[in-house]
Amino acid sequence: MRAHVCVTLFVFLLNDAATHQFTEEEMSAIRQRIKSMFYHAYNSYLDNAFPYDELRPLTCDGQDTWGSFSLTLIDALDTLLVLGNRTEFKRVALLLQNTVDFDIDVNASVFETNIRVVGGLLSSHMLAGRAGMELEPGWPCSGPLLTMAEDAARKLLPAFQTPTGMPYGTVNLLKGVSPTETPVTCTAGVGTFILEFATLSRLTGDKTFEDVARRALRALWKTRSDIGLVGNHIDILSKKWVAQDAGIGAGVDSYFEYLVKGAIMLQDEELLEMFHEYDRAIQNYTRFDDWYLWVQMHKGTVSMPVFQSLEAFWPGLQSLLGSLDSAVRSFQNYYSVWRQFGGLPEFYSIPQGYTVDKREGYPLRPELIESAMYLFRATGDHVYLQLGLDALESIEKIAKTPCGYATVKDLRDHQLDNRMESFFLAETVKYLYLLFDPTHFLHGGGAEGDGTWEEGGDGGECVLGAGGFIFNTEAHPLDPAALYCCSRLAQDRQELRDILISLSQPAGKSGSQSKPTTKQTEGSPPGQSESIALKAGEKKTNPLLSCPVQPFSTRLSILGQVFTDNT
């Protein structure tokens with residue numbers, strides 16, 4: 001088979017490339033090239049397309065595509081900070097606050113608005129401290145960018161008001177769901193909300209967002225076939241599968257991604273168990289020689305023996321789960337296709353070893369570069385840096401125009417199309433840069449952290465940035481520590497209120513108070529027993545005011561994990 005020849009050739013090239021070890025000087029020079037790529041596209045958008053959603057790089061003008069929110073600017077905002085441009089980040093953050101309005105009569109994709117707009121604003125809100133912006137008291141639990149993200153997300157909530165809890169694909173931002181809206185949507189359009197919506201709920205204290213995202217996930221989970229697979233498109237009202245092709249690519253991809261990343265960010269076993277059950281079915285029915293084909297969801301028979309460019313996220317996801325051997329082999333297959341064309345075609349026929357008719361384009365997608373970043377982080381193998389450099393040079397060679405970077409309409413002859421999607425700046429450039437910056441704060445900094453931790457919350461009770469960042473499917477980094485900070489502080493305050501209320505009640509009227517099981521020594525702190533040794537049949541009781549009301553930094557310093565200034 002032709003594809004097998006490509007893979008064999010690539011394995012030889014891969015082993016040969018692995019002999020080169022990139023120096024820090026080389027990596028620094030490549031980072032400068034990536035910055036130049038970003039600013040060529042970014043400045044072209046500002047000069048020729050703003051305030052439209054996207055740049056048209058062949059005609060040097062702009063167009064609205066996903067809702068008329070200056071989408072490229074929102075999507076690229078956190079990339080500015082990733083590249084170290086704090087000044088422009090602050091300028092654009094203020095500009096967006098003054099110019100973007102979500103109360104408009106526009107039909108918007110619920111999925112795209114969530115991952116690009118809500119995700120981009122949440123990420124930029126969490127990074128605002130690093131940019132040196134003036135922060136509201138209590139940040140990250142409050143702030144203008146968080147308010148914007150919440151406003152945008154509230155415009156999406158009417159889509160979730162269905163009998164099943166699964167959302168419509170489109171909503172009018174001013175009027176809600178149209179009576180004529182189709183109930184058919186893709187799987188990813190149902191299952192790609194838990195990261196952004198749980199973040200909103202835990203930062204703001206409004207459980208509505210996380211609740212609707214979880215309801216949609218659980219409803220979708222119940223529709224899987226007897227062999228454990230889900231299809232591509234579903235009727236959200238009848239719960240019937242309209243497209244029954246099962247795979248890991250277009251229309252499904254980010255559903256699986258959010259189960260894994262949601263489990264990590266929220267420490268949620270339910271989401272991880274869902275993914276593991278899906279993964280068993282995926283490995284049993286769709287995997288062939290480290291390719292993943294499309295199969296009939298009920299029978300497991302092959303329906304489309306193709307590889308889609310969107311599937312290239314899968315090796316990165318596998319690396320997060322520790323399945324490195326499988327991840328490396330699949331990555332090698334996918335990169336063999338890149339070497340064949342200088343990019344990944346949207347569809348690639350595995351038996352024929354060539355593009356699929358009318359699916360020969362490459363819109364500068366980030367997924368293969370994303371996986372290279374994860375695999376380099378997991379293995380330290382410089383072969384992934386070489387692949388990143390090849391991708392950089394390929395995009396520069398075939399997609400660069402005087403006004404930005406254009407979608408490749410046909411990889412066979414490198415014809416261009418007049419569009420530069422916002423994800424080019426949000427994802428492709430960002431992942432390239434992070435691939436070549438292993439000590440970046442988003443990776444946790446250098447060996448000693450390099451001052452990557454921040455204070456947050458009222459009076460600096462929270463330690464932010466210490467637990468790693470989770471990238472949403474549009475490459476917007478979210479900080480799990482911020483979620484913990486805001487939800488924990490709210491919980492602490494509620495616990496303290498409950499305790500004070502119970503203490504203020506007359507003796508004998510509160511059924512929630514229990515008598516201490518040990519006699520208190522006169523003058524000893526409340527809750528401290530006379531002896532640390534418990535008598536037979538005696539149970540240990542916690543003091544009324546204990547760790548839950550201590551500042552987060554104090555609790556960590558007690559455990560020896562953080563040193564405070566007065567340690």
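One-based numbering along the sequence shown.
Counted by atom type alone, Q244 and N232 present zero donor-acceptor pairs between their side chains at under 3.5 Å. Using modelled atom types, one finds no donor on one side chain facing an acceptor on the other under 3.5 Å when comparing Y431 with E367. Counting only N and O atoms by type, the side chains of N107 and T170 include no donor and acceptor under 3.5 Å apart. Using modelled atom types and a 3.5 Å distance limit, the side chains of S124 and D78 yield no donor-acceptor pair. Using a 3.5 Å distance cut-off with no hydrogens or angles, the side chains of T301 and Q296 do not pair a donor with an acceptor. Using modelled atom types, one finds no donor on one side chain facing an acceptor on the other under 3.5 Å when comparing T72 with E54. Judged purely by distance below 3.5 Å, without hydrogens or angles, the side chains of D413 and Q415 pair a donor atom with an acceptor atom. For the residue pair T473 / E257, a side-chain donor-acceptor distance below 3.5 Å is found, with atom types taken as modelled.
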* To do: Run the numbers on L293 and R287 for side chain to side chain contact (heavy atoms under 4.5 Å, CB included), then give the verdict.
  => CA-CA 6 Å; L293 312 183; R287 181 178 174 181; over 6 Å; no

* To do: Show your working on salt bridge (Lys or Arg N to Asp or Glu O under 4.0 Å) between E421 and R419 and close with a plain yes or no.
  => CA-CA 6 Å; E421 289 231 38; R419 189 173 184 187; 3.6 Å; yes

* Asked: Hey, mind stepping through E311 and W291 against side chain to side chain contact (heavy atoms under 4.5 Å, CB included) and telling me if it holds?
  -> CA-CA 10 Å; E311 297 173 19; W291 296 94; over 6 Å; no

* Verdict with reasoning, Y354 to F341, per ring pair (Phe, Tyr, Trp, His ring centres under 6.0 Å) -> CA-CA 9 Å; Y354 207 64; F341 297 101; 5.5 Å; yes

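The OG atom of S371 sits 9.5 Å away from atom OH of Y384, with the distance rounded to the nearest 0.5 Å. Here the NZ atom belonging to K430 is positioned 12.5 Å from the CG atom belonging to L432, to the nearest 0.5 angstrom. Between atom NE2 of residue H233 and atom SG of residue C186 there is a gap of 5.0 Å, rounded to the nearest 0.5 Å. Once rounded to the nearest 0.5 Å, the distance linking CG of L83 with CZ of F38 reads 5.5 Å. To the nearest 0.5 angstrom, Y348 atom OH is 13.5 Å from E360 atom CD. The CG atom of L259 lies 9.5 Å from the CD1 atom of I194; values are rounded to the nearest 0.5 Å.
For the ring pair (Phe, Tyr, Trp, His ring centres under 6.0 Å) test with Y334, the passing option among Y292, F307, W314 is F307; the others fail. For the side-chain contact (heavy atoms from CB on, under 4.5 Å) test with H476, the passing option among I115, L122, I74, D75 is D75; the others fail. For the ring pair (Phe, Tyr, Trp, His ring centres under 6.0 Å) with Y278, the lone residue among Y285, Y258, Y255 that qualifies is Y255.
Ring geometry, H440 versus Y433: the interplanar angle exceeds 60°, so the pair is classed perpendicular (tilted spans 30 to 60°). The aromatic rings of Y45 and F50 lie perpendicular to each other, with more than 60° between the two planes, well past the 30° mark.
Side chain of S323 to backbone of S319: no donor-acceptor contact under 3.5 angstrom is found.
Crowding of E24 atom CD: a count of heavy atoms from other residues, nucleotides or ligands under 6.0 Å exceeding 12. Other residues, nucleotides and ligands contribute at most 12 non-hydrogen atoms within 6.0 Å of the OH atom of Y52.
With respect to the salt-bridge test (charged N to carboxylate O, under 4.0 angstrom), the residues D290 and R329 qualify. Between D410 and K358 there is no salt bridge, since no side-chain nitrogen of the basic residue lies less than 4.0 Å from a carboxylate oxygen of the acidic one. Salt bridge present: R218 and E270 bring a charged side-chain N and a carboxylate O closer than 4.0 Å. E393 has a carboxylate O that lies under 4.0 Å from a charged side-chain N of R33, or vice versa, which qualifies the two as a salt bridge. Ionic pairing of R365 and E427 is not present here: no N-O contact between side-chain nitrogen and carboxylate oxygen is shorter than 4.0 angstrom.
A cation-pi arrangement, defined by a distance under 6.0 Å to the six-membered ring centre and an angle within 45 degrees of its axis, is present between R224 and W221.
When every heavy atom of L271 is checked against every heavy atom of A263, the shortest pair comes out as CD1-N, 3.8 Å. L55 approaches A41 most closely through the heavy-atom pair CD2-O, 4.3 Å. Across all their heavy atoms, F89 and A128 have their closest contact at CE2-CA, 4.1 Å.
Proximity of the aromatic rings of H443 and F469 is defined here by a centroid distance below 6.0 angstrom, and this criterion is not met. With ring centers used as reference points, W294 lies 6.0 Å or more from F347.
V337 places none of its side-chain heavy atoms less than 4.5 Å from the side chain of Y335.
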